[in-house]
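Read through the structure below, which is laid out as structure tokens, and then see the notes.
Predicted model only: the values in this text are computed from it and were never measured. Chain identifiers are assigned alphabetically (A, B, ...) following the order of the sequence lines, protein sequences preceding nucleic acid strands; residue numbering begins at 1 within each chain.
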2 protein chains.
Amino acid sequence: MLGRMTVTGPQSTPRRRAPRADAVLNRESIIEAASQVLAEQGTAVDVREIARRSGVGMGTLYRHFPKKEDLVRTVLHNDFSKWAESARRAASDAEDPWAALADFYQQALTGYARHCAIMENFALTWSEPDLEGIRQLRLVIEELRAHASALLRPGVTTDDLLLLLVSLGHAVQFTDACRPQMWQRLLRISLDGLRTDHREPLPAATSPDAGIQPSDSHTLAARSRPSQSG
Amino acid sequence: MLGRMTVTGPQSTPRRRAPRADAVLNRESIIEAASQVLAEQGTAVDVREIARRSGVGMGTLYRHFPKKEDLVRTVLHNDFSKWAESARRAASDAEDPWAALADFYQQALTGYARHCAIMENFALTWSEPDLEGIRQLRLVIEELRAHASALLRPGVTTDDLLLLLVSLGHAVQFTDACRPQMWQRLLRISLDGLRTDHREPLPAATSPDAGIQPSDSHTLAARSRPSQSG
DNA sequence: GCCGATGCGGAGCGGATGCTCCGGTTCGCC
DNA sequence: GGCGAACCGGAGCATCCGCTCCGCATCGGC
């Protein structure tokens, strides 16, 4: 069966010829503009704004991304990845595993506190753990946890650390603009709660990293706005 | 000047006679229905749905609450108060001040994790600290903090505890439906971080309870949807 | 019971927004 | 350079949603 499949060029359908050069450029500029706009205004932004900012027409935008959600997903994939990477770099400069963990949170929260779309879509962490950007984030945290495990109180899981990041992310949203020191205090409190010291271990998580039920119907675009099919 | 103002009945304008009985009933049923609907669907809900659920027409609804935000504000005022009260009651049954604090968080997070509108509008905690419901919540926390102060690490403020509540509130939103034990773990970690034990005190908050700048333009209704004036 | 002030209902307005349609343009293989 | 497929742009469609308007019903002081 498999042997009968014709081996066809780089991927899947062979008859489709390479995209035109201008189309490639347009796609890139759409993604770049969308990243900016989504960071500034969140996923509820008008698609026209993205088209305008990237200098293409609506037709072009919708040719590349048939649904708004397709575009948002692509951008979030990229930006979650960039986020994970920049936070990982900050952690790699630290002098000990615990400082690495602390620096990771510090960088993760400062660097992306203003990225509305990411802050809005933390739910993806649980509803779509397989999105590439999310997976990278998890991997970074898992690595940091392993290195710092001697200092972490027993029973702390990667999911605990991830949920802490999500949770603090919202604290940052509320306080960063007016009183940034507030979320820093909360970060410090939480990190202290994670240290081993002489506390008893946490109870084992009942399903440590099992598959997670996606919540009801969380879509990427337009929180609480029903998607409408034409 | 003041002396010339006529003293007029119970309040302000005297010529307005008491509202009709049916109007009072309608107002109550609107608030009740709105509370349900807002809890279920958040502030982005269609006003028509509230009118339908409460059995009144649009005209009636807008007579009582000229703007959607007026209604939402009234409901949130009530519901924040109810929330504070129910959490305070849970705390009052505890056997020691620390357990009271823990029970408070437990009840606050369990009882209102499903109240979409409250979870959405934690920002009010910072942007409108004078809203009555918010003030009650702060008062309860302040009281618990005072009672547990011997066990709290030095430097922990009421705002710290409030921000922790806000922050955990979002963790609850993400995990309560599928893995409720996850946020419970995070609560435990955070509470442990608040205990005095042998850690150094937190640095003093730079402006402990000073006036807070309201963030850019947060309105109660329809997150990220620009209000439109007719 | 009369009657006017008060209250009611819901069709409809205007604007925002996701998405489509199609005539005109441009690229790139030959 | 020629030509057809791929691509582009933006006007326009359908829908949603906050809010208004106005003819009609109801309450309640007399």
query: Quick one: salt bridge (Lys or Arg N to Asp or Glu O under 4.0 Å) partners of A:Asp103, sequence neighbours excluded?
result: none

field: A:Arg53: salt bridge (Lys or Arg N to Asp or Glu O under 4.0 Å) partners, not counting sequence neighbours
entry: A:Glu40, A:Glu49

- line: Ordered by number, residues from residues 56-64 of chain B within less than 4.0 Å of DNA chain C (heavy atoms) are B:Val56, B:Gly57, B:Met58, B:Gly59, B:Thr60, B:Arg63, B:His64

query: By salt bridge (Lys or Arg N to Asp or Glu O under 4.0 Å), which residues pair with B:Asp46, not counting sequence neighbours?
result: B:Arg48

field: Contact nearer the 5' end of DNA chain D, comparing B:Val45 with B:Arg20
entry: B:Val45

statement: Applying ring pair (Phe, Tyr, Trp, His ring centres under 6.0 Å) to A:Tyr105 and not counting sequence neighbours gives none

message: Can you pull out the residues from residues 26-37 of chain B that lie within a 4.0 Å heavy-atom distance of DNA chain C?
response: B:Asn26

- prompt: Tell me the ring-ring contact (aromatic ring centres under 6.0 Å, His included) pairs involving residues 30-75 of chain A, sequence neighbours left out?
  reply: none

message: Please enumerate all residues that pass side chain to side chain donor-acceptor pair (under 3.5 Å) together with B:Arg145, with sequence neighbours excluded.
response: B:Glu142, B:Thr158

query: How do B:Pro66 and B:Ala21 order along DNA chain D: which one's closest nucleotide is nearer the 5' end?
result: B:Pro66

message: Between B:Ser35 and B:Ile31 (side chain of the first, backbone of the second, donor and acceptor by atom type, cut-off under 3.5 Å), is there such a pair?
response: no

message: Would the base of C:dG12 count as contacting B:Arg48 through its side chain, where contact means a donor and an acceptor less than 3.5 Å apart?
response: yes

- prompt: For the pair made of CG in B:Asp22 and C1' in C:dT6, what is the distance, rounded to whole Å?
  reply: 9 Å

- request: Quick one: list whatever passes salt bridge (Lys or Arg N to Asp or Glu O under 4.0 Å) with A:Glu28, sequence neighbours left out.
  value: none

